Number of protein chains: 4
Amino acid sequence: MSVPAPMPPALLRPSRLSPESDKREHLLAAAARVLVRDGTAGLRIRDVALEAGVSTGVVHYYFGSKDEILVEALRWATRAPIQRFAELRRGGDHLTALAALLEVSLPHPGVLFDEYVLWLEFWSTVSHDASLLPLCEELATAYGNQVAALVNEGTASGAFHPVTDPDTVAVRLIAMVDGLSFRSVVGYSWMPLDRVRDLLCAFACEQLGIEPDALPQVRLDRGEPLQ
Amino acid sequence: MSVPAPMPPALLRPSRLSPESDKREHLLAAAARVLVRDGTAGLRIRDVALEAGVSTGVVHYYFGSKDEILVEALRWATRAPIQRFAELRRGGDHLTALAALLEVSLPHPGVLFDEYVLWLEFWSTVSHDASLLPLCEELATAYGNQVAALVNEGTASGAFHPVTDPDTVAVRLIAMVDGLSFRSVVGYSWMPLDRVRDLLCAFACEQLGIEPDALPQVRLDRGEPLQ
Amino acid sequence: MSVPAPMPPALLRPSRLSPESDKREHLLAAAARVLVRDGTAGLRIRDVALEAGVSTGVVHYYFGSKDEILVEALRWATRAPIQRFAELRRGGDHLTALAALLEVSLPHPGVLFDEYVLWLEFWSTVSHDASLLPLCEELATAYGNQVAALVNEGTASGAFHPVTDPDTVAVRLIAMVDGLSFRSVVGYSWMPLDRVRDLLCAFACEQLGIEPDALPQVRLDRGEPLQ
Amino acid sequence: MSVPAPMPPALLRPSRLSPESDKREHLLAAAARVLVRDGTAGLRIRDVALEAGVSTGVVHYYFGSKDEILVEALRWATRAPIQRFAELRRGGDHLTALAALLEVSLPHPGVLFDEYVLWLEFWSTVSHDASLLPLCEELATAYGNQVAALVNEGTASGAFHPVTDPDTVAVRLIAMVDGLSFRSVVGYSWMPLDRVRDLLCAFACEQLGIEPDALPQVRLDRGEPLQ
DNA sequence: GATGAATGAGAATTCATTCAT
DNA sequence: AATGAATGAATTCTCATTCAT
């Protein structure tokens, strides 16, 4: 079984034919790409403009200041994952939903990897400037609620048999996903993607009382363009 | 039972009476404090000099460039935890060592909190510039080895009864510590320090087959100046 | 006795129903208002367009450059006073004409005040760029001639008995009007409008050999909208 | 009789050998010269730096922003006249003091002319931004007090016989000085320096009840370098 | 060694002007 | 004619780095 590319829209990769609809979003995507590549400290308006294929003036035409586009880009780029998880939960049984959720939580090369990099930037930014904390917390809560709902529903339906109360297990899962994935994203050689997957699946099965073989094999094909 | 302040040396707090011997270290400490406060993106030589109580010229006298002091400061500030863990493991039985290790892994206000902020900066920096990856990986490995050694030794001695192989449990513990602590450091209101501790202790006990009551109560006194 | 509002046309105040006939004048009026508010240094095409309720493109459609609209606006806005004085001299005896002229020379809140602000801009501009000097001098001469003609005619008719030759008195009157009015316009608390009037009337009477009581009491009604 | 150059210090002209004492003042003088030449609207940091013979960074090193140096330059450059008048009043009898005061009130080419240009800038600036009004008013009051004191003392001593109360005459003198001088500064061909002097002396004599021949002939030599 | 004034390259920002629609 | 998005040159401002003292 394989999960479809999580998002059709051109998210973090350049789009040649940007619709006239939203130039602002085009710029945010460009800024997000620059952020992934250079980080908050390395973001320059010139680079955002270059990446978006426009002049620097345009960036200031749509955004008041460098700070504004930086914040907006973080806000914009980190909204995607939540939607993705919500969609995944809709279709299929709880076991399949769990497997899919774990798979799209891995830092696959492409958007998913990039999103982890951006989250690192986001957290790092927030730890020095609390003004973004509310947004950050809101996004994190939305994500946590998705996982908690899945665990709770799966437990109620008899699909999961958590080792302790469902909410605690949900928090553990979230923390474990980050704890493992970030190490992979940073580039630790002893934490390649496959190891993150193995550790994560085994952990989830243990915490949710699932037979390892009962968890459907779900893979995002590497070759599949993630946009 | 209580753990002593982990480190006598002036780590991240200003020291009035810096010995003439090591001005370089004095500057690194100042840089680390500025990094904690302003982040990599906000670090300015002027601020480091101000924090250290010297002129900007001095910073350049001891360090070739801004980049050098930034890297050196990260390197310098992130060495402490490893030493700390090594020391903690030396004295006492495995249960006590575990309890102490967990306690000093929490982002207590003060140095411990600051070290998490710096790790966030470190990871964020490395994710955009792999030149620091070897150092980062080395430090992480040293830390991982400490935990793995403790789990293995405790298992061999019969103090721990891990739910799966000891190395896997060690990795899980490390990932869980970060996954929970970072959320607390970033400022999520639903992840205060005490919740991190509770979740972590319960998790460690479960993974290591320890009766919750058997884990010694270890606290870092709040009043104790962490220097 | 009271002087009618000196000018029916929408001079410096926004006009809702601008005739299609003269868009150019509509833009000049908008530019003049912006000049009064922000000064030459603060004038931006964008603000002129905003004030006129059009796009920036329109401004460039009617005027070649920022410099052109600035100069045209000064030229346009400073023509009004001359016409005004000419009209005032036509009706009535010399004493009444003098009283009316003095009254409309005061920086009453509204157009008259604004015109002084623009003159200040004009002079300040000319003192750095002599290319506007001919226009400036021409306007000033026209104004001076009006005053001189009034003094001369009044003297010839026996209404005035100047303390020295009529032309000198005319120059003195002009200089005194500015010297007092500018201080009021700038905002000196010790030179409110009423003091300017008192000083000016007394001075004019003294210089022209008029009994103070002989000068008709002329007032611009405050309630009267100056447009 | 001739008045010595009012000010030994290098005021508005470039000084090659600036004392180490006050670089800030050196920059203000440069800014004032640029203001005289180009006006508020034309002032550029680059030009100030060029005029001062330093790099643009220096200007920002001593002044926070363009606005700050502009305001400081106006403040600095307009202090001089007051001191000058105070000094002139000290020596000699009232008639001589009056003659000297009138002479240094004329817009002689050099500093005196430049000061009028700056006052025009000052007034124009204040008319759009009242934040400078207190300073402006303070300076104007100090100047007014000097003139009023001279008129009052001269009247008390019997040297002057004003046509009306001394304070009114003082205000008239001040207003006349500006009203005539500004026209000359702006460049009106019919108001050259000599005509300003003639009109002013005649007016002062008339208002103060002095025989025209009784006013000492005081001249600032054109050739004399005003610095 | 230490200072901090000075430099100047480079980044952010502004805004007149253009031009496709 | 009108629009307003886009341009890009010009300007302000920042800050690592240098260097005379």
Side-chain angles (χ1 to χ4, degrees), chain A residues 20 22-24 26-27 38 41-50 52-70, chain B residues 20 23-24 26-27 38 41-50 52-70, chain C residues 20 23-24 26-27 41-50 52-70, chain D residues 20 22-24 26-27 41-50 52-70:
Chain A
E20 299 293 341
D22 214 357
K23 173 64 73 95
R24 203 179 144 92
H26 177 64
L27 290 173
D38 300 332
L43 182 83
R44 283 174 304 157
I45 295 283
R46 166 197 289 252
D47 291 335
V48 174
L50 210 67
V54 297
S55 70
T56 62
V58 172
V59 180
H60 279 98
Y61 186 81
Y62 287 94
F63 300 91
S65 68
K66 178 185 171 177
D67 235 50
E68 187 182 327
I69 197 175
L70 192 148
Chain B
E20 297 292 341
K23 174 79 80 164
R24 203 178 144 92
H26 178 64
L27 291 173
D38 300 331
L43 182 82
R44 283 177 302 162
I45 294 286
R46 172 191 291 242
D47 290 334
V48 174
L50 210 67
V54 298
S55 70
T56 60
V58 171
V59 180
H60 276 94
Y61 185 82
Y62 286 97
F63 300 90
S65 69
K66 178 187 174 177
D67 242 46
E68 186 182 326
I69 197 174
L70 192 147
Chain C
E20 297 292 342
K23 175 78 81 165
R24 203 178 144 91
H26 177 65
L27 291 174
L43 181 84
R44 282 177 304 161
I45 295 286
R46 172 190 291 242
D47 290 334
V48 173
L50 209 67
V54 298
S55 69
T56 59
V58 171
V59 180
H60 276 96
Y61 185 81
Y62 287 95
F63 299 91
S65 69
K66 179 187 173 176
D67 242 46
E68 185 182 328
I69 197 175
L70 192 147
Chain D
E20 298 294 341
D22 213 358
K23 173 63 73 93
R24 205 178 142 90
H26 177 65
L27 291 173
L43 182 83
R44 283 176 303 157
I45 295 283
R46 167 196 288 252
D47 291 335
V48 174
L50 211 66
V54 297
S55 70
T56 63
V58 171
V59 180
H60 279 98
Y61 187 80
Y62 287 94
F63 300 91
S65 67
K66 178 184 170 176
D67 234 51
E68 187 182 326
I69 197 175
L70 193 147

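In what follows, chains are A, B, ... by sequence order, proteins preceding strands, each numbered from 1. What you see is a predicted model; the values in this text were computed from it and never measured.
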Please state how far atom [atom1] in [X] lies from atom [atom2] in [N], giving the value in whole angstrom units.
{"X": "C:Asp47", "N": "F:dG4", "atom1": "CG", "atom2": "P", "answer": "16 Å"}
{"X": "C:Ile45", "N": "F:dT3", "atom1": "CD1", "atom2": "C1'", "answer": "15 Å"}
{"X": "B:Leu70", "N": "F:dC15", "atom1": "CG", "atom2": "C1'", "answer": "15 Å"}
{"X": "A:Glu68", "N": "E:dA12", "atom1": "CD", "atom2": "P", "answer": "15 Å"}
{"X": "D:Arg24", "N": "E:dA6", "atom1": "CZ", "atom2": "P", "answer": "13 Å"}
{"X": "C:Leu50", "N": "E:dC15", "atom1": "CG", "atom2": "C1'", "answer": "14 Å"}

Of all heavy-atom pairs between [X] and [Y], which one has the smallest distance, and what is that distance?
{"X": "C:Ile69", "Y": "C:Leu27", "answer": "CD1-O, 4.5 Å"}
{"X": "B:Gly42", "Y": "B:Asp47", "answer": "O-OD2, 4.3 Å"}
{"X": "C:Glu68", "Y": "C:Tyr62", "answer": "OE2-O, 4.5 Å"}

Please produce a list of atom pairs where a protein N or O lies less than 3.5 Å from an N or O of nucleotides 18-21 of chain F.
none

Using a heavy-atom cut-off of 4.0 Å across all strands, would you classify [X] as base, sugar-phosphate, or nothing?
{"X": "A:Ile69", "result": "nothing"}
{"X": "D:Leu43", "result": "sugar-phosphate"}
{"X": "D:Tyr62", "result": "sugar-phosphate"}

Quick one: CD1 on D:Ile45 to OG on D:Ser55, what's the gap to the nearest 0.5 Å?
11.5 Å

OP1 or OP2 of F:dC15 versus the side-chain N and O atoms of B:Arg46: is any pair under 4.0 Å?
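For F:dC15, neither OP1 nor OP2 has a side-chain N or O of B:Arg46 closer than 4.0 Å.
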
Which nucleotide in [options] has an atom nearest any side-chain atom of [X]:
{"X": "A:Val58", "options": "F:dT17, E:dA6, F:dA6", "value": "F:dA6"}
{"X": "C:Ser55", "options": "F:dT12, F:dT3, E:dA12", "value": "F:dT3"}
{"X": "B:Lys66", "options": "E:dA12, F:dA16, E:dT7", "value": "F:dA16"}

Of C:Val54 and B:Arg44, whose nearest nucleotide on DNA chain F comes first from the 5' end?
C:Val54

Hey, which of these two, B:Tyr61 or A:Asp67, hits DNA chain E nearer its 5' end, going by closest nucleotide?
B:Tyr61

Neighbour count >12 (heavy atoms, 6.0 Å) for atom CZ, B:Arg46
no

Tell me, what's DNA chain F's dot-bracket, Watson-Crick or G-U with both distances under 3.5 Å, | for other-strand, [ ] crossing?
.||||||||||||||||||||

